[in-house]
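Counting convention: from 1, in listed order, for ligands and their atoms alike. Just so it is clear, the model here is predicted, and its values are computed rather than measured. Values below: every heavy atom of this structure, side chains too, minus hydrogens, waters and symmetry copies.
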Amino acid sequence: MKRIGVMTSGGDSPGMNAAIRAVVRTAIYHGLDVFGVQHGYQGMIDGQIEPMTARTVSGIIHRGGTILHTARCAAFMEAEGRAKAAAQLQHHGIEGMVLIGGDGTYRGAEALHAEYGVCCIGMPGTIDNDIGGTEFTIGFDTAMNTAMEAIDRLRDTAASHDRIFFVEVMGRHNGYIAMMSGLAGGAEEILVPESTTTLEHLVESMRTGRARGKDSMIVVVAEGDELGSAFEVAQKVAEISEFKDTRVAVIGHLQRGGSPTAFDRVLASRMGVCAVEALIAGETGKMVGISNQEMVLRPFSDSRTVSNRPDLRLLETARILSV
Ligand code: ADP
């Protein structure tokens, strides 16, 4: 292995830049050439491939987003698109790729290796923490903290006006951000896709809160909750209860940006070193994960088949503590 590439793909997350930096510098440290592929698989197809140096990645460890940009690319799902991408890699002499993204990105990598023999190692980058094979993904910790800070701010105004806020956080398929930021922000109720909460139960819980002297309350809603979006939940609660004058805040894409936390920077740095050293050792078809504080290599398929669900007992913890 003499020359490798690095790419970010799929949804962006804070810490991707720290990951790129780690990959580039580890490659250089071990005497490899390293190229950056811009705009995910689309850039690979279009030949947006540039050499990177230790200085190209100076001053980015603390920046959110990704200097390589990211994209979703339908063309790479077709054999023709992958042929063009593989030809570009070959043209640049790139034998191995580090792909920072999620399970969609890994599926693409599996095809690239199966069809063209490109060695591929994945790094998990997503705020949702929904990738199997790792306990944490790069960006989750930052997003969780951003959501918590937003909840803190909303609590100030909620408390001042004796208001109830429904706060929607990201999490279409999983409730990690909702559960953790809700617990950390002292939410009265947390609605997540993994656990069914009925409208009646929610209203009952809000009534209990009122009866215990709570003038203001925060209900955190993961965007993928079965009761609907925060707006829908607020509307449904208003329809069947006395809680008609509530407020809704959707944190949205604010959770995707911002300076990564120390945790995410350290995770990205460790994973980047591990990914490049795996390529050098001749590994392919694997993703880097963290398990019991250790870097681990897992087959790409683990990203889909191994479950990474939040511990639902935390909902009970939040309930006990909101008494
Ligand atoms: P993530 O990597 O965050 O899960 P996506 O699911 O959007 O994000 O996947 C990123 C990109 O990976 C897609 O836009 C597509 O180019 C590529 N990809 C996803 N699934 C496949 C597949 N089955 N075959 C080839 N490429 C794929």
Atoms in ligand 1 flagged as close to [X], the criterion being non-hydrogen separation under 4.0 Å:
X	value
Cys73	13 (C), 14 (O), 15 (C), 16 (O)
Gly11	3 (O)
Gly102	1 (P), 2 (O), 3 (O), 4 (O)

*Among protein heavy atoms, which sits nearest to atom 8 (O) of ligand 1, and what does the distance come to when rounded to 0.1 Å?*
Gly10 CA, 3.5 Å
*For atom 2 (O) of ligand 1, what is the nearest protein heavy atom, given as residue, atom name and distance?*
Thr105 OG1, 2.4 Å
_The single option from Asp103, Asn308, Thr126 passing side chain to side chain contact (heavy atoms under 4.5 Å, CB included) against Ile131_ = Thr126
*asked:* Can you tell me which portion of Tyr41 lies within the under-4.0 Å heavy-atom range of ligand 1? Options are side chain, backbone, both, or neither.
replied: side chain
*Would you please indicate if the ring centroids of Phe136 and Phe263 are separated by under 6.0 Å?*
yes
Tell me whether [X] has any N or O atom under 3.5 angstrom from an N or O of ligand 1.
X	value
Arg107	no
Gly101	no
Gly104	yes

Exercise: do [X] and [Y] side chains pair donor with acceptor under 3.5 Å:
X	Y	value
Ser322	Glu188	no
Asp141	Thr261	yes
His69	Gln38	no

*Contact with ligand 1 for Asp103, non-hydrogen, under 4.0 angstrom*: yes
*asked:* If we only consider heavy atoms of Ser9, is any one of them less than 4.0 Å away from an atom in ligand 1?
replied: yes
*asked:* Is it true that, when you exclude Lys84 itself, more than 12 heavy atoms of the residues, nucleotides or ligands shown sit nearer than 6.0 Å to its NZ?
replied: no
*asked:* Around atom CD of Glu242, are there more than 12 heavy atoms from other residues, nucleotides or ligands closer than 6.0 Å?
replied: yes
*Measure from atom 27 (C) of ligand 1 to every heavy atom in Met77, Glu110, Arg72 and give the option owning the shortest one.*
Met77
*asked:* Students often mix this up, so state it plainly: with edges at 30° and 60°, are the rings of Tyr176 and Phe140 parallel, tilted or perpendicular?
replied: perpendicular
